[in-house]
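First up is the structure itself, then whatever we jot down about it.
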Amino acid sequence: MQTQSLSVGLGDRSYPIHIGQGILARIGKDLAEQPVGTRYAIISDDNVAPLYAEKLTASLTDAGISSELFTFTAGEEYKHSGTVTELARKLAAQGFDRGDAVIALGGGVVGDMAGFLASIYMRGIPFVQIPTTLLAQVDSSVGGKTGVDIPEGKNLIGTFYQPKAVYIDIDVLSTLPEREFRGGLAEVIKYGVIIDKPFFDFLREKREHITSHDPQVLMQTIKRCCEIKADVVEKDEREGGLRRILNYGHTIGHAVEATSGYQLIHGLAVSIGMHKVTELALKAGYTQQTTLETLDELLVAYNLPLEIPAEMDRDTIKGYLKTDKKTVGGQIFFVLPEEIGKVIITDKVESNDIDHVLHKG
Ligand SMILES: NC(=O)c1ccc[n+]([C@@H]2O[C@H](COP(=O)([O-])OP(=O)(O)OC[C@H]3O[C@@H](n4cnc5c(N)ncnc54)[C@H](O)[C@@H]3O)[C@@H](O)[C@H]2O)c1
Ligand SMILES: [Zn+2]
């Protein structure tokens, strides 16, 4: 199957996204033709490295490119500045300098942290993204947000730092745990709701192809998500306005995710958040019943959750809502769908209405 490419247009910081099958094995050749650095520090976690690092390293070696692999323990709880410092020390010990580059091989945790490291190591060296989860392929690897967590909140330390290239190999999704794949699909559906009704309909039509990992359809799906993300980022790189639509489902989603103690994975929490905020849009008179029904039908078709687990403490959720990073001057902003494919951003929502939807269901 042919590799497809698109570009994120950000002037002299523009970069390509390549999507296809068997891309891992071809990266060496590509980087030999279009080098990003002299040597490459491959950063990965201890789930992904055993699966894919060898293939990547072989591809680089065959192309005459030298690289070193650095791994850390998988999981959000390792996405902190301590891990970044440890990695930086290892790079320094191996003599990596400003002529070299970082490759992030993994999910969003690896991408965020390796990107952050690249943005500050020796005041910034180039980096390449090789996302290996569906979430990272359709969302986190594109757009240049990097960062780590602190106990006070997720992603509170970070930079905007764009990669030099993104390589998406859909073959790696074959080893992704099913729950992670489903979580990624919530983000995929998000794009349809916020901006692209025809894509939403495509997801309805192609459900079986997508859930059975049909390569052609998966590629089309991932490509469309990357196009939308690229388009939004091109128009609003630093989230001054438009980019905030990508937070649809995330305000309530994050609060639910945090309340679960991060036991509920991000994408599944976002699915609940999308359902709940659409209920809110309905309650507050911004949309019609059919919008909610259409959304719910698709989420359910992909086996995604709608309701906040009954045992979850509503006041804790509310507490997190108020301290969300996206809260500005104490006001909670919500991304509300007016219809499928069209959203508005507003802080004009009654707190009774928020209470109502949090307690419902
Ligand atoms: N920068 C952004 O714009 C942005 C956007 C959304 C999310 N994020 C961040 O992304 C992170 C979540 O990313 P994620 O969902 O990819 O989680 P993750 O990186 O933790 O990956 C999920 C799990 O899957 C494993 N894994 C990854 N690829 C695999 C593969 N191909 N086969 C088998 N196992 C594999 C990982 O080791 C991990 O255990 C969060 O930290 C979030 O803050 C960033
Ligand atoms: Zn998300």
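Start at 1 and go down the list; that is how both ligands and their atoms are numbered.
- The aromatic rings of His254 and His250 sit perpendicular to each other, their planes meeting at more than 60°, with 30° as the lower class boundary.
- Closest approach between the Zn ion (ligand 2) and any N/O/S atom of His266 involves NE2.
- Considering backbone and side-chain N/O of Pro177, none are found under 3.5 Å from N/O of ligand 1.
- Of all atoms in ligand 1, listed by their number and element, those nearer than 4.0 Å to a heavy atom of Lys154 are 43 (O).
- Protein heavy atom in closest approach to atom 7 (C) of ligand 1: Leu135 CD2, 3.8 Å.
- Side-chain N or O atoms of Asp169 include one that pairs as donor or acceptor with a backbone N or O of Leu24 at under 3.5 Å.
- Both the backbone and the side chain of Lys145 come within contact range of ligand 1, each with a heavy atom under 4.0 Å.
- Assignment of Glu76 to the shell around ligand 1 is supported, since a heavy atom sits closer than 4.0 Å.
- Scanning the protein heavy atoms around atom 6 (C) of ligand 1, the nearest turns out to be Asp139 OD2, 3.6 Å.
- Between Phe96 and Phe70, the angle of the ring planes goes over 60°, which puts this pair in the perpendicular group of the 30/60° scheme.
- The residue from Gly267, Gly108, Ser140 that puts a heavy atom closest to atom 8 (N) of ligand 1 is Ser140.
- The heavy atom nearest to atom 20 (O) of ligand 1, considering only Val48, Asp171, Val109, Leu246, is found in Val109.
- The Asp45 neighbourhood of ligand 1 comprises atoms 36 (C), 37 (O), with distances under 4.0 Å to a heavy atom of that residue.
- For ligand 1, the atoms lying closer than 4.0 Å to a non-hydrogen atom of Ala74 are 37 (O).
- Of the charged side-chain nitrogens involved, at least one lies within less than 4.0 Å of a carboxylate oxygen, so that Lys190 and Asp139 count as a salt-bridged pair.
- Comment: Arg314 does not engage Asp355 in a salt bridge, judged by the lack of any side-chain N to carboxylate O separation of less than 4.0 angstrom.
- At under 3.5 Å, a nitrogen or oxygen of Thr133, whether backbone or side chain, sits near a nitrogen or oxygen of ligand 1.
- Within the 3.5 Å criterion, the main-chain N or O of Gln21 finds no donor-acceptor partner in the side chain of Asp171.
- The pair Arg89-Glu86 does not meet the salt-bridge criterion, since no charged nitrogen lies less than 4.0 angstrom from a carboxylate oxygen.
- Lys276 contributes a side-chain N or O that, together with a main-chain N or O of Lys360, makes up a donor-acceptor pair within less than 3.5 Å.
- Only the side chain of Lys79 comes within 4.0 Å of ligand 1, judged by heavy-atom distances.
- Residue contacts with ligand 1, taken as heavy atom pairs separated by less than 4.0 Å, do not involve Glu187 at all.
- Looking at Gly75 next to ligand 1, no N or O pair under 3.5 Å apart turns up.
- Atom 9 (C) of ligand 1 has Asp112 OD2, 3.3 Å as its closest protein atom, hydrogens excluded (heavy atom only).
- When only interatomic distances are considered, the shortest N/O to N/O separation between Arg243 and ligand 1 does not fall below 3.5 Å.
- The atom of Glu187 nearest to the Zn ion (ligand 2) is OE2, with the search restricted to N, O or S atoms.
- Taking every non-hydrogen atom of Tyr52 and a distance limit under 4.0 Å, the qualifying atoms of ligand 1 come out as 31 (N).
- Between Val270, Leu176, Asn155, it is Leu176 that holds the heavy atom closest to atom 29 (C) of ligand 1.
- Taking 4.0 Å as the cut-off between side-chain N and carboxylate O, Glu239 and Lys145 count as a salt-bridged pair.
- Regarding atom 28 (N) of ligand 1, its nearest protein heavy-atom neighbour is Thr132 OG1, 2.7 Å.
- Assignment of Arg179 to the shell around ligand 1 is not supported, since no heavy atom sits closer than 4.0 Å.
- Stacking of Arg224 on the aromatic ring of Phe202 is not recorded, the 6.0 Å distance cut-off and the 45° axial limit not both being met.
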**Prompt:** Can you check side chain to side chain donor-acceptor pair (under 3.5 Å) on Tyr15 and Gln162, steps first, answer last?
**Reply:** CA-CA 8 Å; Tyr15 54 95; Gln162 301 293 342; 2.7 Å; yes
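- From the protein, the heavy atom lying nearest to atom 32 (N) of ligand 1 is Thr175 OG1, 2.7 Å.
- Close contacts of ligand 1 with Leu51, meaning ligand atoms under 4.0 Å from a residue heavy atom, involve 32 (N), 33 (C).
- The shortest contact between atom 39 (O) of ligand 1 and any protein heavy atom is with Asn47 ND2, 3.0 Å.
- Contact annotation for Glu239 and ligand 1: no heavy atom of the residue comes within less than 4.0 Å of the ligand.
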